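Each remark here refers to the structure printed beneath this line.
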Amino acid sequence: MASPLLDNLNPEQLAAVTLPQASALILAGAGSGKTRVLTTRIAWLLGTGQARPMGILAVTFTNKAAREMLTRLSAMTPQSTRGMWIGTFHGLCNRMLRAHYRDANLPQLFQILDTQDQLALIKRLYRTHGIDDEKFPPRDLQWFIADAKEAGKRPNAVEAGNDHERRLVEYYALYEAACQREGVVDFAELLLRSFELLSNHAGIRGHYQARFAHILVDEFQDTSELQYRWLRLLAGPDAAVFAVGDDDQSIYAFRGANVANMQHFERDFATPERPVRLIKLEQNYRSHGNILDAANALIANNQARLGKNLWTDAGKGDAVRVFSAPSDLDEAAFIVDVVRGLVDEGLAASEIALLYRSNAQSRVLEHALFAAGIPYRVYGGLRFFERAEVKHALAYLRLVASPDDDGAFLRVVNFPPRGIGARTLEQLQENARSAGSTLWQAARAGGITGRAGASLGGFVQLVEALRASTAALPLSEAVATIIEMSGMAAHFKAEKDGQDRLENLEELVHAAETFVREGDLATDAPMLSTRVEAVPAEPPADGPDEGASDPLTAFLAHAALEAGDTQAEEGRPALQLMSVHAAKGLEFHTVFVTGLEEGLFPHENSFNVDAGVDEERRLMYVAITRARRRLYLTYAQSRMLHGQSRYNIQSRFIDEVPSGLLQWLSPQRMRARAIDVDAAEWGALPAPTPGSPKPTPQAPQWRIGQSVRHAKFGVGVIIDAEGRGSDARVQVNFRDAGVKWLALEYAKLEAA
DNA sequence: AAATGTGGAATTTTT
DNA sequence: TTCCACATTT
């Protein structure tokens, strides 16, 4: 088909876009135009009449990715995106559950718990059932539940190997009962419930299988076991699953992502007539050659890859710069210097990213940037819909929609303060427990006397008044009304630091407005326009976005499923600081990968995890491939961590980049920062400058922070010392052998 | 109900 | 060290 749509695609992209109707695995390297291929594929299917919008389902992991796909798609095709299902796994599951809430055994207006809400519910359960939170930390149970659901297991299906696990299963059952009673579902539940719905209802399954001839999956390497099984259920015998992913960028195993899905795809989605096609997109349009060569060489150290080598015709570009700093402070100072220079040369600050393995590392960097007056923005932290005041307002909204939601009830029953104290609530909870009811039901039943009872009655009346006064209002006005009537507005007005919170509440009203305005663009198509016998009559599922049946519920689902941005303000161009995880999918002119030290990156916790370092290496691969033009790798020989100095050796990931690609920037003779040991006693050696020829001193003199090699224990760093002369001993932190004290007289140490 | 104190933990986190 | 959750005070 001749079409401008296909212009400028490279041969592999073109092949992928125009594959015949069969399942395919597209191995799309970083910067290889993956989103373009996905969206062009859809546009091509529509344009050639091979698919109707109704027949397309595209699933992503983030709302951002879903939005981007939708936006780009609308620009590519004259056809309406209405009718397509494009969204996140959770969003699509939510949508399906709303449409089939009866078969899914859920209340029509079920509410979605985010991770915070879920933990709160668990803690509440602990109180009412007197569960020992020492033996069973709430977070452990939260993890246990998520894990079980991910494995597709209800409490009765979980095998308990010991008493401890038996208790956990028991609590899992209690948790489930509470969720069911209150009409709430957590994130994992959305998936599992949707999976079970498809699994247990042949009619519904048949309906969706018949409908979705094309299922497209973004970031396929990040799918979990359950998501994979969900896809298999959804994909009918004739469906074409177009899975796009990069096994080398799988960095969410700790959250359940299962790279093995990529290996199994070929087997599981092939039919005798239609084998799975595999296409590799290896041409990179982002980075210069040296950067790609570094990434390729690094990732080649991983086993069990599908195999892929990025290339570019953009030329080699600059060498990868490496800097070894004596301390974390020096590392930060170096970065500030370089950044200043780059910005002075005219590079936009927002085109520079500082990446780190763990968020705690941002502090030192921030401090230095602040002192230097360089504007920066840190990603991470509380998102908009997670802020306390926003959660409060949402809790009122939730109560209006679904008053049996105990979590929402407890959050605002005494906020703003209205004299309903802990004692009253304990009594109420006891009443609810013995009646097997929710708090709302218990409160309405009365049974609490005196002033406390009256206050509680007042609260019940307030919620009912809220419901009555907002029923006929547009969503944003309803939100505004609730903020006023609940007393929150007055409360924050009176509070000295309440201004920010008030502004956030105003922002919430604004968000509701935007949601309603843009919602219909997203997914307001009727859920089931092709009626199928076995599918029961549907509620008019034409709410905006998440496909809920009324705007309020849809908005609440939206708030839970899309926590919003970390910060509202964008403002002036600023340097970007973020974890490597957060950088995935982004790109910058210049990238600093900081803290490249053994124990930090790769993180020490990965050492005792199966294939842990491999995942760290993929993380490093992601970090490197964020850079378009310039890449800096930095590390510190000593670093403040948990209140004390740590001496780390340079990350193996630096060693894994061919030295020919590297340009060392560390001064040849950089003295280690004075440490609390008499330097004269120990003599002073130039800091090791890895990558350059090492001097082998005849009579080595040792200092703290120095890298050494031991015949038996391998490489390590001297972290402490004591004694002198023949009594002298040093403490060495070995990469593999751990921390040891060694007598200098006997240990055969070499400088490393 | 705010304010202050204490103990324990301190990767990563698309939903 | 620093942050957070929780408990105790005022």
Side-chain angles (χ1 to χ4, degrees), chain A residues 59-68 87-94 112-120 123 133-134 137-139 143 146 149-150 185-191 194 218-219 221-224 226-227 249-257 328 355-364 379-383 385-386 414-422 491 495-497 546 557-566 578-586 595 599-607 609 612 615-616 618-620 622-623 639-646:
Chain A
V59 61
T60 62
F61 275 85
T62 65
N63 294 292
K64 193 173 157 214
R67 269 197 307 270
E68 185 179 348
T88 63
F89 277 100
H90 297 266
L92 297 181
C93 288
N94 174 53
I112 300 169
L113 301 183
D114 67 15
T115 320
Q116 271 180 39
D117 300 332
Q118 186 191 24
L119 190 64
K123 286 181 179 167
D133 62 355
E134 303 259 297
R139 277 176 197 284
W143 176 85
K149 290 188 177 181
E150 180 52 46
V185 301
D186 60 45
F187 287 143
E189 185 70 30
L190 285 170
L191 283 164
S194 169
D218 188 22
E219 304 279 16
Q221 77 282 352
D222 288 337
T223 47
S224 70
L226 185 57
Q227 286 162 341
Q249 291 190 70
S250 167
I251 55 172
Y252 284 105
F254 70 95
R255 274 178 100 262
D328 47 354
L355 308 185
Y356 33 78
R357 175 69 237 277
S358 62
N359 293 113
Q361 290 167 248
S362 75
R363 166 170 281 107
V364 182
Y379 287 75
L382 267 198
R383 319 247 295 252
F385 286 112
E386 292 167 353
N414 196 34
F415 188 87
R418 48 177 73 90
I420 300 174
H491 175 83
E495 208 179 61
K496 57 181 185 300
D497 298 323
E546 318 292 346
H558 167 82
L561 292 175
E562 176 164 23
D565 288 331
T566 306
M578 66 191 83
S579 70
V580 180
H581 282 92
K584 191 175 159 211
L586 306 177
L600 245 200
F601 197 3
H603 198 278
E604 54 197 354
N605 291 15
S606 72
F607 296 160
V609 177
E615 173 133 332
E616 297 287 307
R618 292 192 290 269
L619 202 47
M620 181 64 181
V622 168
R639 177 180 297 276
M640 260 326 219
L641 207 63
H642 309 331
Q644 47 193 357
S645 291
R646 284 207 1 185

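Naming: A, B, ... by sequence-line order, numbering from 1 per chain. What you see is a predicted model; the values in this text were computed from it and never measured.
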Under 4.0 Å from OP1 or OP2 of B/dT11: is there any side-chain N or O of A/Asn359 that close? no
Nearest-nucleotide pick for A/Phe187, side chain only, options being B/dT13, B/dT15, B/dT11: B/dT15
Show the numbers, then the answer: is there a side-chain contact (heavy atoms from CB on, under 4.5 Å) between A/Gln361 and A/Leu600? CA-CA 10 Å; A/Gln361 290 167 248; A/Leu600 245 200; 3.6 Å; yes
I'd like to check, for A/His603, whether its ring lies over the base of B/dT11 with centroids under 5.5 Å apart and a plane angle smaller than 30°. yes
Separation of B/dA10 P from A/Gln644 CD (nearest whole Å): 15 Å
Taking only side-chain nitrogens and oxygens of A/Lys123, does any of them come within less than 4.0 Å of OP1 or OP2 of C/dC6? yes
Quickly work out the A/Gln361 CD to C/dT2 C1' distance and round it to whole Å. 15 Å
Counting just side-chain N and O atoms, does A/Ser579 come under 4.0 Å of either OP1 or OP2 of B/dT13? yes
Any idea if B/dT12 is syn or anti, going by the 90°-from-0 cut? anti
Against the side chain of A/Arg357, the closest entry in B/dT15, B/dT13, B/dT12 is B/dT12
Whole angstroms only, please: what is the CD-P distance between A/Glu386 and C/dC4? 14 Å
Which atom pairs link the protein and nucleotides 1-4 of chain B when you take only N or O atoms and keep those under 3.5 Å?
{"unit_1": "B/dA1", "atom_1": "OP1", "unit_2": "A/Asn414", "atom_2": "ND2", "d": "3.3"}

Under 3.5 Å for both distances, Watson-Crick or G-U wobble, that's the pair rule; now give the dot-bracket for DNA chain B, with | marking pairs to another strand and [ ] for crossing ones. ||||||||||.....
Do NZ/NE/NH1/NH2 and the carboxylate oxygens of A/Lys584 and A/Asp222 come within less than 4.0 Å? yes
When every non-hydrogen atom of A/Leu226 is compared with those of A/Leu191, the smallest separation belongs to CD2-CB, 3.9 Å
Are A/Gln118 and A/Gln116 linked by a side-chain donor-acceptor pair shorter than 3.5 Å? no
May I ask you to evaluate whether A/Asn63 reaches the phosphate of B/dT15, defined as a side-chain N or O under 4.0 Å from OP1 or OP2? yes
Looking at every strand, decide which applies to A/Phe89 at a 4.0 Å heavy-atom threshold: base, sugar-phosphate, or nothing. nothing
Is there a side-chain contact (heavy atoms from CB on, under 4.5 Å) between A/Arg357 and A/His581 once you walk through the steps? CA-CA 8 Å; A/Arg357 175 69 237 277; A/His581 282 92; 3.5 Å; yes
For A/Asn605 and B/dT13, what is the distance between atoms CG and P respectively, to the nearest whole Å? 14 Å
Aromatic stack A/Phe254/B/dT13: centroid gap under 5.5 Å, interplanar angle under 30°: no
Would one find a side-chain N or O of A/Arg383 under 4.0 angstrom from OP1 or OP2 of B/dT14? yes
How is A/Thr115 classified with respect to the nucleic acid when contacts are heavy atoms under 4.0 Å: base, sugar-phosphate, or nothing? base
Remember a base hit wins even if backbone is also touched, and classify A/Thr62 as base, sugar-phosphate or nothing at under 4.0 Å, heavy atoms. base
If you look at every strand shown and take non-hydrogen atoms under 4.0 Å, does A/Gln118 touch a base, only sugar-phosphate, or nothing? nothing
Kindly determine whether A/Arg67 and A/Glu562 satisfy side-chain contact (heavy atoms from CB on, under 4.5 Å), including the steps that lead there. CA-CA 12 Å; A/Arg67 269 197 307 270; A/Glu562 176 164 23; 2.5 Å; yes
